[in-house]
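The structure appears right after this line, and notes come after that.
Here is the naming used below: chain letters follow the sequence lines, and residue numbers restart at 1 for every chain.
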Number of protein chains: 2
Amino acid sequence: MYPPGVTDIELRHLAAMAAIADEGSFGRAAARLGYTQSTVSQQIAALERTVGGPVFDRPGGPKPVRITPLGAVVLEHGRDLLARAEKLADAVDRFKAGGGRIDIGTFQSVSNVILPVVVCRLREEQPDCDIRLFEEEPDQPRISDLDLLFYDGRIDGDVESAKLLDDPYLLVCGNDAFPDGPVQLAQLDDAPMVAWPLTCDQPLMEQALAHNGARPRVVFRSAINETLLSMVRAGMGSAVLPWLAIRGANVESDRQLRVHELCPALPVREIYLHWRAGRTQSPLATRAIEIAVEVAAELSGARRA
Amino acid sequence: MYPPGVTDIELRHLAAMAAIADEGSFGRAAARLGYTQSTVSQQIAALERTVGGPVFDRPGGPKPVRITPLGAVVLEHGRDLLARAEKLADAVDRFKAGGGRIDIGTFQSVSNVILPVVVCRLREEQPDCDIRLFEEEPDQPRISDLDLLFYDGRIDGDVESAKLLDDPYLLVCGNDAFPDGPVQLAQLDDAPMVAWPLTCDQPLMEQALAHNGARPRVVFRSAINETLLSMVRAGMGSAVLPWLAIRGANVESDRQLRVHELCPALPVREIYLHWRAGRTQSPLATRAIEIAVEVAAELSGARRA
DNA sequence: AAACGTCCATCGCGAAAAGCGATGGTTTGC
DNA sequence: GCAAACCATCGCTTTTCGCGATGGACGTTT
């Protein structure tokens with residue numbers, strides 16, 4: 001792979017060489033490096049052994065040592081090598097401080113409500129970090145190549161997860177569709193309704209509706225919440241949406257719309273944050289999980305209030 | 001100078017890491033590197049100690065190990081570091097094979113006769129070498145910053161030298177100025193003459209002329225040999241030039257000019273090659289000295305023939 | 001000229017580390 | 001379950017690292 005001898009080069013020796021070149025003396029270089037003069041002398045001897053020739057001329061006496069032509073070649077590349085090593089150390093430090101890149105998979109309502117806050121706080125703590133979001137959603141959520149994945153449900157495979165919050169379904173309808181207070185599920189039977197496409201938790205929710213004797217007529221499907229709500233305002237029908245989506249669209253302050261709890265309540269949609277099991281996380285990912293849990297808890301509290 | 005820890009990085013460990021990343025297994029990497037599996041395991045452990053975290057996830061069993069986010073950071077820079085180290089080794093090899101740069105100081109006739117051959121042979125052996133020639137000639141020849149210096153005389157200071165050849169002075173004159181055979185120095189007294197400027201050996205030569213009762217009238221001085229010879233052809237006067245200069249200008253095949261030995265002969269001009277004492281030479285410089293001596297010897301032989 | 005100061009090389013020693021072989025624990029696949 | 005593949009760990013030997021002390025070389029000073 002690498003030619004023999006390449007890995008015999010020691011950065012310590014190159015650092016000693018650079019210090020000597022700067023100071024003009026083995027002894028002063030040793031002092032600067034925190035070594036003994038004899039140690040530095042041996043380090044240079046070792047370096048000269050590996051490169052196969054002297055790198056300094058030692059005139060003897062108080063004259064400063066001078067670099068040889070071979071030494072100049074070694075030093076030129078050596079300084080470069082040391083600079084690169086320093087860059088490596090810097091990169092590691094930045095990484096451990098939370099820098100670096102993180103790839104997060106997300107979906108619909110999480111993108112609208114939770115994620116903005118998470119990203120914001122993360123960037124506050126780590127202005128230089130590189131956060132990449134992915135919302136492509138094939139039928140199966142893809143966690144390979146992602147560090148973190150938000151999803152409303154569990155995922156099979158070698159995955160760990162944190163439950164972020166319970167997201168109950170609520171009814172959004174026109175101002176005068178129902179009187180204040182909870183709405184009986186049965187009242188939704190055969191009612192016109194707009195809804196999300198049948199991905200994620202949506203099929204489960206509709207089954208639960210049906211199981212409770214509510215078979216609404218779905219007159220329109222869209223993944224865009226704003227579109228759905230416009231349809232509700234237009235009187236096309238009502239919508240059963242999770243609380244997160246409702247909050248994300250500021251429905252509560254919309255005088256044309258009203259939100260009702262459902263009775264009996266549908267099974268809540270559960271929001272999870274997933275990551276691959278058995279893999280060491282980056283500090284950035286670890287922190288992102290913590291922040292996501294925090295944010296979710298705050299949201300949960302806000303909902304109950 | 002360098003932050004602590006930078007010089008603790010070992011190229012050996014990075015090489016092991018790269019091999020593992022390629023092979024997906026500590027054992028195979030060990031085989032490739034010529035180490036034992038346990039050794040590689042410890043190398044990675046050491047690396048992980050210096051960077052402060054795991055660089056590989058070991059799933060256990062026949063699954064390939066996988067790099068961690070931290071490991072990815074380290075590996076990215078590590079490969080770079082290894083590539084640079086390889087460049088260093090390459091540069092050293094090239095240098096030892098005679099590559100690299102050489103700075104040569106020269107003057108007038110050496111530039112014309114000796115140096116072209118030396119440079120030619122050197123470049124034949126080392127096509128990639130970087131030969132730089134300097135002909136600036138302040139009153140004092142400057143050997144600092146030069147690897148090699150041609151000069152017609154000795155130099156004071158900490159300098160070693162090789163005598164290349166004796167370069168006798170000869171008389172160049174018009175076809176019919178003197179009969180064939182040696183010319184008595186006395187015959188040059190008050191004769192019109194063109195000559196070099198009073199640098200290098202020229203003052204010494206003119207003193208020697210005077211000392212032998214010949215005080216020619218110098219009617220023109222120029223450092224350009226061709227100019228001087230044109231003047232001789234034009235009948236302005238004759239010229240006392242060293243053999244090297246005469247050969248460099250192809251005087252011998254010029255039917256308008258004739259070359260005479262002088263009687264008694266003037267002290268020869270001695271051509272030396274100098275280099276700073278007590279300094280390790282580059283192989284290229286060493287070889288250049290050898291070649292220069294060879295070329296000078298050939299020229300010496302050619303002259304005597 | 002002799003004494004001094006500065007400098008690097010070298011020697012001996014103790015501590016640390018590298019590398020090896022053998023062993024043991026884990027996980028996967030049959 | 002059993003076998004196979006894999007990595008971690010332990011004990012051991014050999015090598016290396018770094019130190020302090022000493023000595024030789026050179027230039028400067030007296």
Side-chain angles (χ1 to χ4, degrees), chain A residues 4-5 7-17 19-50 53-68 71 157-158 160 276-280, chain B residues 4-5 7-17 19-50 53-68 71 157-158 160 276-280:
Chain A
T7 54
D8 297 345
I9 300 167
E10 303 236 359
L11 295 180
R12 222 164 335 120
H13 298 170
L14 296 177
M17 186 183 182
I20 294 170
D22 291 345
E23 298 283 348
S25 138
F26 282 40
R28 279 191 297 278
R32 185 209 276 190
L33 297 167
Y35 285 128
T36 312
Q37 171 265 320
S38 91
T39 297
V40 169
S41 182
Q42 288 184 74
Q43 286 181 336
I44 295 303
L47 178 61
E48 290 178 330
R49 231 174 293 129
T50 77
V55 295
F56 286 110
D57 281 324
R58 292 85 153 165
K63 278 190 183 173
V65 296
R66 281 195 48 96
I67 203 153
T68 63
D158 262 19
E160 295 180 67
R276 289 161 306 195
R279 298 223 186 154
T280 307
Chain B
T7 55
D8 297 344
I9 300 166
E10 303 237 0
L11 295 181
R12 222 164 334 122
H13 298 170
L14 296 177
M17 186 183 182
I20 294 169
D22 292 345
E23 298 283 348
S25 137
F26 283 39
R28 279 193 297 279
R32 184 208 277 189
L33 297 168
Y35 285 127
T36 312
Q37 172 265 319
S38 91
T39 296
V40 169
S41 182
Q42 289 184 73
Q43 285 181 337
I44 296 303
L47 178 62
E48 289 177 331
R49 232 173 294 129
T50 77
V55 296
F56 286 111
D57 280 326
R58 293 84 153 165
K63 277 191 183 173
V65 296
R66 279 195 50 94
I67 202 152
T68 63
D158 262 18
E160 295 180 67
R276 289 160 308 192
R279 299 223 187 156
T280 307

Mind checking if [X] touches a base, just sugar-phosphate, or nothing, with heavy atoms under 4.0 Å?
X: A:Gln43; result: sugar-phosphate
X: A:Val65; result: sugar-phosphate
X: B:Ser25; result: sugar-phosphate

What is the separation between atom [atom1] on [X] and atom [atom2] on [N], rounded to the nearest whole Å?
X: A:Arg58; N: D:dC26; atom1: CZ; atom2: P; answer: 14 Å
X: B:Lys63; N: C:dG29; atom1: NZ; atom2: P; answer: 8 Å
X: B:Phe56; N: D:dA8; atom1: CZ; atom2: P; answer: 10 Å
X: B:Arg66; N: D:dC7; atom1: CZ; atom2: C1'; answer: 17 Å
X: B:Leu47; N: C:dA18; atom1: CG; atom2: P; answer: 12 Å
X: B:Phe26; N: C:dG21; atom1: CZ; atom2: P; answer: 19 Å
X: B:Glu23; N: D:dC6; atom1: CD; atom2: P; answer: 11 Å
X: A:Ile44; N: D:dG18; atom1: CD1; atom2: C1'; answer: 15 Å

On a heavy-atom basis, which atom in [X] and which in [Y] lie closest, and how many Å separate them?
X: A:Lys63; Y: B:Asp158; value: NZ-OD2, 4.0 Å
X: B:His13; Y: B:Ala46; value: CE1-CB, 3.6 Å
X: B:Asp57; Y: A:Arg279; value: OD2-CA, 3.1 Å
X: B:Glu48; Y: B:Val55; value: OE2-N, 2.8 Å

*DNA chain D: B:Gln37 or A:Pro62, which has the more 5' nearest nucleotide?*
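Comparing both residues, the 5'-ward one is B:Gln37.
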*Nearest-nucleotide wise, let me know which of A:Gln42 and B:Thr39 is further upstream toward the 5' end of DNA chain D.*
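Taking each residue's closest nucleotide, the earlier one in sequence belongs to B:Thr39.
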*Base D:dG20 to side chain A:Ser38, donor-acceptor N/O within 3.5 Å cut-off*: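 Check passes, donor-acceptor contact within cut-off.
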*asked:* Whether B:Arg28 contacts D:dA5 is assessed here as follows: a side-chain N or O lying under 4.0 Å from the phosphate OP1 or OP2. Is that the case?
replied: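 No, B:Arg28 has no side-chain N/O under 4.0 Å of OP1/OP2 on D:dA5.
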*Considering just the side-chain nitrogens and oxygens of B:Ser41, establish if one lies under 4.0 Å of OP1 or OP2 belonging to D:dA8.*
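Yes, because at least one side-chain N or O of B:Ser41 sits under 4.0 Å from OP1 or OP2 of D:dA8.
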*B:Thr36 side chain vs B:Thr39 backbone, donor-acceptor pair below 3.5 Å*: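 Looks like no, no N/O pair under 3.5 Å.
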